[in-house]
Amino acid sequence: MSQILLADFFRNIGEIFTDTVYLRLLGEGLLSTVIISVGAAAVGLFLGTLVAIVKIQPKTSKWAIVPKAICNVYVTVIRGTPMALQLFIMAFVIFAIRGFPMEVTAILSFGINSGAYVSENIRAGLLSVDKGQNEAGRALGLASGFTMVRVIVPQGMKNVIPAIGNELIALIKETSIVSMIGMVDLTAAAQIIGSGQNLATYFAPMVVAAVLYLAIVYLLTLVIKLIERRLRKSEKL
């Protein structure tokens, strides 16, 4: 029995890569996953950096009281509620507008979620920068905002690249739930291909999808390691 299932499995793998309909579904699903992941990563990185900068402002800064309170509530709410629930609220409440692109909704949903986690990573990295760097910038006559953007942030980002990389990897895998709002990503494409078939046929597309996810994550890991290596070289110069 196991030999029959194994033979069916390899036969179905071959069918997936020779059937144009299956290949089109997988290609569209993969493209959707990549677009959502890249878009959400950009939103999350921008939002996370902004929130982190606001949160590390000194308590004596009056202008930062309200923004800091908003950022604290944002991080607490986002990190304390499920991603699936946030996605439902964004898709069926906040952006429940006829004709509004569901892909944009997904990018914003995952980006806002990722931003809360990225902000804490970046905040830790910024706080790890020696206070003397800020004092040196101010001694040279640089404005506090300019010192933060041009001196503190670049140094702090070096310390959090591994953590941000892990968050990006987690983000790619989290996008597999977009089928819950009717989108067809890589996971949904595999489900469509294997829907209503026997175990071997259903298992094959899932394995193909898993391999594609692994390939994406592996490439991202290589890019992160390359960035870390170059930053270490720049520090030695």
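Bear in mind the structure is a predicted one, so any value in this text is a computation, not a measurement.
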To check you understand the geometry: which heavy-atom pair defines the closest contact between [X] and [Y], and what is its length?
X: Thr187; Y: Ser176; answer: OG1-CB, 3.3 Å
X: Gln191; Y: Tyr202; answer: CG-OH, 3.9 Å
X: Ile78; Y: Ala116; answer: CG2-CB, 3.5 Å
X: Ile181; Y: Ala91; answer: CG2-CB, 3.8 Å
X: Ile112; Y: Val43; answer: N-CG1, 4.3 Å
X: Ile16; Y: Ala204; answer: CD1-C, 3.9 Å

Distance check, rounded to the nearest 0.5 Å: [X] atom [atom1] versus [Y] atom [atom2]?
X: Met90; Y: Met83; atom1: CE; atom2: CE; value: 8.0 Å
X: Glu228; Y: Ile161; atom1: CD; atom2: CD1; value: 6.5 Å
X: Ile164; Y: Leu168; atom1: CD1; atom2: CG; value: 7.5 Å
X: Asp185; Y: Ile177; atom1: CG; atom2: CD1; value: 9.5 Å
X: Glu174; Y: Ile36; atom1: CD; atom2: CD1; value: 12.5 Å
X: Ile35; Y: Thr175; atom1: CD1; atom2: OG1; value: 11.5 Å

Whichever hydrophobic residues join Val73 through chains of side-chain contacts under 4.5 Å: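 Members other than Val73 - counting any ILVMFWY side chain reachable under 4.5 Å - are Val77.
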Side-chain hydrophobic cluster, 4.5 Å single linkage: members besides Tyr218: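 Same cluster as Tyr218: Leu222.
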Results of ring-ring contact (aromatic ring centres under 6.0 Å, His included) for Tyr74 - residues two or more places apart only: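 Tyr74 satisfies ring-ring contact (aromatic ring centres under 6.0 Å, His included) with no other residue.
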Residues that Phe46 engages under ring-ring contact (aromatic ring centres under 6.0 Å, His included), provided they are two or more places apart: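 Residues passing ring-ring contact (aromatic ring centres under 6.0 Å, His included) with Phe46: none at all.
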Residue pairs, two or more places apart or on separate chains, that pass salt bridge (Lys or Arg N to Asp or Glu O under 4.0 Å) and touch residues 210-220: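 Listed once each, the pairs would be none.
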Salt bridge (Lys or Arg N to Asp or Glu O under 4.0 Å): pairs with one or both residues in residues 14-23, sequence neighbours excluded: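 Sorted result for residues 14-23: empty, none.
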Ile169/Tyr213 under side chain to side chain contact (heavy atoms under 4.5 Å, CB included): CA gap, chis, key distance, verdict: CA-CA 10 Å; Ile169 290 172; Tyr213 275 115; over 6 Å; no
Less than 4.5 Å apart, any side-chain heavy atom of [X] and any of [Y]?
X: Val208; Y: Phe17; result: yes
X: Ile122; Y: Leu45; result: yes
X: Leu47; Y: Val118; result: no
X: Ile227; Y: Val223; result: yes

side-chain hydrogen bond (donor to acceptor under 3.5 Å, both in side chains) contacts in which one or both residues fall within residues 103-117, not counting sequence neighbours: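 Non-adjacent pairs meeting side-chain hydrogen bond (donor to acceptor under 3.5 Å, both in side chains): Gln86-Asn113, Ser114-Glu167.
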side-chain hydrogen bond (donor to acceptor under 3.5 Å, both in side chains) pairs, two or more places apart, involving residues 32-55: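 Qualifying pairs: Lys55-Asn72, Lys55-Glu120.
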Same cluster for [X] and [Y] if Ile/Leu/Val/Met/Phe/Trp/Tyr side chains link at under 4.5 Å?
X: Leu85; Y: Val93; value: yes
X: Leu50; Y: Ile70; value: no
X: Ile224; Y: Val160; value: yes

Ser179: side chain to side chain donor-acceptor pair (under 3.5 Å) partners, not counting sequence neighbours: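 None.
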Pairwise ring-ring contact (aromatic ring centres under 6.0 Å, His included) hits with a residue in residues 75-106, at least two apart: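 Output for this query lists Phe88-Phe92, Phe95-Phe100.
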Counterpart residues, side-chain contact (heavy atoms from CB on, under 4.5 Å), relative to Leu214 (two or more places apart):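 side-chain contact (heavy atoms from CB on, under 4.5 Å) check on Leu214 returns nothing, list empty.
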Would you tabulate the side-chain donor-acceptor contacts of residues 20-30 under 3.5 Å, counting partners in other chains and residues two or more places apart, or write 'none'?
| unit_1 | atom_1 | unit_2 | atom_2 | d |
| --- | --- | --- | --- | --- |
| Arg24 | NH1 | Glu28 | OE2 | 3.4 |

